[in-house]
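Since the model is a prediction, treat every value here as computed from it, not as a measurement. Lettering follows sequence order; numbering is per chain, from 1.
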There are 2 protein chains.
Amino acid sequence: MKKVKRTTIYDIAAKLGITASSVSRALNNSSQVNEKTRELIIKTADELNYKRNTLASNLRKGHSKTIGVVVPRINQNFFSNVIAGIEETTYQKGYNLIICQSGEVHDKEIQCVNTLINQHVDCIVISVSADSYDYQHLQNVLDHGIQLIQFDRVAEELETLKVINDNEQASFEAVAHMIDNGYKRIALLEGPQNLNIFRQRKNGYLRALADRKVPIIDELIIENAWTKELGANATRKLLNLPEPPDAIFASTSDFSALGVLEVANAMNIKVPSELGICGYSNEAFTQITSPSITTIDQFSVYMGNTIGNLFFQEVANSDVAVKPKIISIKPELITRGSTAKKS
Amino acid sequence: MKKVKRTTIYDIAAKLGITASSVSRALNNSSQVNEKTRELIIKTADELNYKRNTLASNLRKGHSKTIGVVVPRINQNFFSNVIAGIEETTYQKGYNLIICQSGEVHDKEIQCVNTLINQHVDCIVISVSADSYDYQHLQNVLDHGIQLIQFDRVAEELETLKVINDNEQASFEAVAHMIDNGYKRIALLEGPQNLNIFRQRKNGYLRALADRKVPIIDELIIENAWTKELGANATRKLLNLPEPPDAIFASTSDFSALGVLEVANAMNIKVPSELGICGYSNEAFTQITSPSITTIDQFSVYMGNTIGNLFFQEVANSDVAVKPKIISIKPELITRGSTAKKS
DNA sequence: ATATTTTACGCAATCGATTGCAATTTTCAT
DNA sequence: ATGAAAATTGCAATCGATTGCGTAAAATAT
């Protein structure tokens, strides 16, 4: 691109025969500049199509008015909703978002975080990748005096600001609901247990069974059935058991639940009468399958808003050291056709 | 957050009794530094947990290694995919993405663009909002010497880099396919005609009718049936016509097509035998409805990659003025159950 | 050993905006 | 009209990294 010399406050100052100081003050609504000269300055700034150089301004001011966001995948429904929510609340306060995706890879996540530190972002918002094993890089963020807000998938041992869903309770309610609807052998498709969210969902499942005095059967708990394909595989395995389950809680995702449904259909097993299904996330498609799929809504956009607000709240009293705080959002069980054993 | 004095190249220089110049050069792999001192510098930089201040660096260098992206909604499938695609290809070259959403509002779009200009981004990637009526703000981007890449929804009159889908051809193929499958009265749900993409889709529809010698019937063309609800409304109206259509091409989106399907089901009209349906975008849910919905895949992630590559290609020969260039990606018709009138 | 290149490093200006302090001008009270 | 207070504006340093130019030191040639 051809190089264009952009107009600076010096250009404006020169044209008016004053100093850059005044121009800067005028443009920043400082009270120590005469109203007439301010108007003049603003007018010429406009004429010259002046645009403030945020880089220079931020360098001088020592912050960037920028928030870095690191998620496994931008184009995953939950995350894109959270990001949209963050953008909503931060944009109106003049903050910008720099987005990176870790692709679920630990090393890339570290790279992303370092890039953001270099960029002097004021805050890093992160949901850790599935294969993250240590959190040195997050500690490093804190050491650089940068706000750190973890959400959804969090490193629990790290004392930071966190915005999470109450996965345990949501799972409890989902499983309790299935039991109350008459299902007796409920299988669990679980996700990678190094992620807190999947541990919590499993705990909710176990607690519901215990609470309703339903025995825990190990062979009904399938590890790592994360995607639609893995969910389908797990389902085939489960339904071919001597004593197959009469319900499956796909705690990993709705995609997994969809895999379950498709296998059930293929095997000609009636849903919900012979097999109950519950997913997780309230993806758009869950309400248009037949039967529609019971699932759990995470209020993802709202979660994003919450993250944004939390940031501003903490920035406000920024002189004191931030004390770790956890905001837990209660997800909602959406009961639909797939778990309606008894009407 | 407590203020942390971050280590600078001066700190490193001071500790080693040399100048910042050498530190800078060492850290930038300049050949004019002794190999031993370079190692020493890198070692101490590491010890002091030094992170380059990108703001300062960029200010000096006159660019930001940052690309701004403006889309109507981040959490809309198509856009989040494109963004993911852009991130994929730009991240590995050390570029960061600043994301803004216009929310389909012209004024917000202008604000976003201005913010990005202030940020000194090296490029702005944009898909204009539905209610954009003039493009002064985009011209302004060019005037500031910033690369501008429009994608999908573009202002045609502006001569910039563009990455688009061949909507006309895709629509042509979709409608031709329906005609060839035996549908005779094909309705069109069209989107806001100020957006090029919807104009093109309409043109494809018209061309297919002409090509197959099917008469154009005005009352079968419904304006602004963009969402699921609007699609449903339009469908009710269409199906209550004295001579109702036997197929509906929801050129606006798959959501609209879903609205069509639901109304048809509610009115007990058989799809595809009594009514054919075709959507647009290949949303995930289209393959799990019953019947599954014929639609058009836009290769959105690939589109993002293309945008990224285009940027680098143009940055490479950056001294010459960029000449406008249009890259057109051919979408693919995905034929499914909803248009299978004749087997 | 001396002259000539190379190599390595320092000096100081620069990118553009901000801001504490000083200097000047204006305003106002007496 | 005069001194003091208040309002404006200017000066110059600063944020942290980069880089052209100059010089000292080391390497090589004669």
Check your understanding: CG of A:L55 versus C1' of D:dT18: gap in Å, rounded?
Key -> 14 Å
Practice item. Return yes if the base of C:dG16 and the side-chain atoms of A:R6 contain a donor-acceptor N/O pair under 3.5 Å, otherwise no. Key: no
Study note, to complete from the structure: All heavy atoms of B:S102 vs all of B:V70, minimum pair found to be CB-CG1, 4.3 Å
Practice item. Could you state the atom-to-atom distance from CZ of A:R38 to C1' of D:dT8 in whole Å? Key: 12 Å
Point to revise | Distance, rounded to the nearest Å, where A:K5 contributes NZ and C:dT14 contributes P | key: 13 Å
Exercise for review: Output yes when a side-chain donor or acceptor of A:R153 lies under 3.5 Å from a complementary backbone atom of A:L195, and no otherwise.
Suggested key: no
Review point. OP1 or OP2 of D:dT18 less than 4.0 angstrom from a side-chain nitrogen or oxygen of B:S24, does that happen here?
Key: yes
**Study point:** Separation of atom CG in A:L40 from atom P in D:dT9, rounded to whole Å
**Key:** 10 Å
Check your understanding: How is B:S31 classified with respect to the nucleic acid when contacts are heavy atoms under 4.0 Å: base, sugar-phosphate, or nothing?
Key -> sugar-phosphate
Practice item. Could you tell me whether A:N58 contacts a base, only the sugar-phosphate backbone, or nothing, with contacts defined as non-hydrogen atoms closer than 4.0 Å? Key: nothing
Point to revise | Sugar-phosphate only, base, or nothing, as touched by B:S30 at under 4.0 Å among non-hydrogen atoms | key: nothing
Study note, to complete from the structure: Looking only at D:dT19, C:dC21, C:dG16, the nucleotide nearest the B:L59 side chain is C:dG16
Practice item. State whether the distance check finds a donor on one side and an acceptor on the other, under 3.5 Å, for side chain A:S21 versus base C:dT19. Key: yes
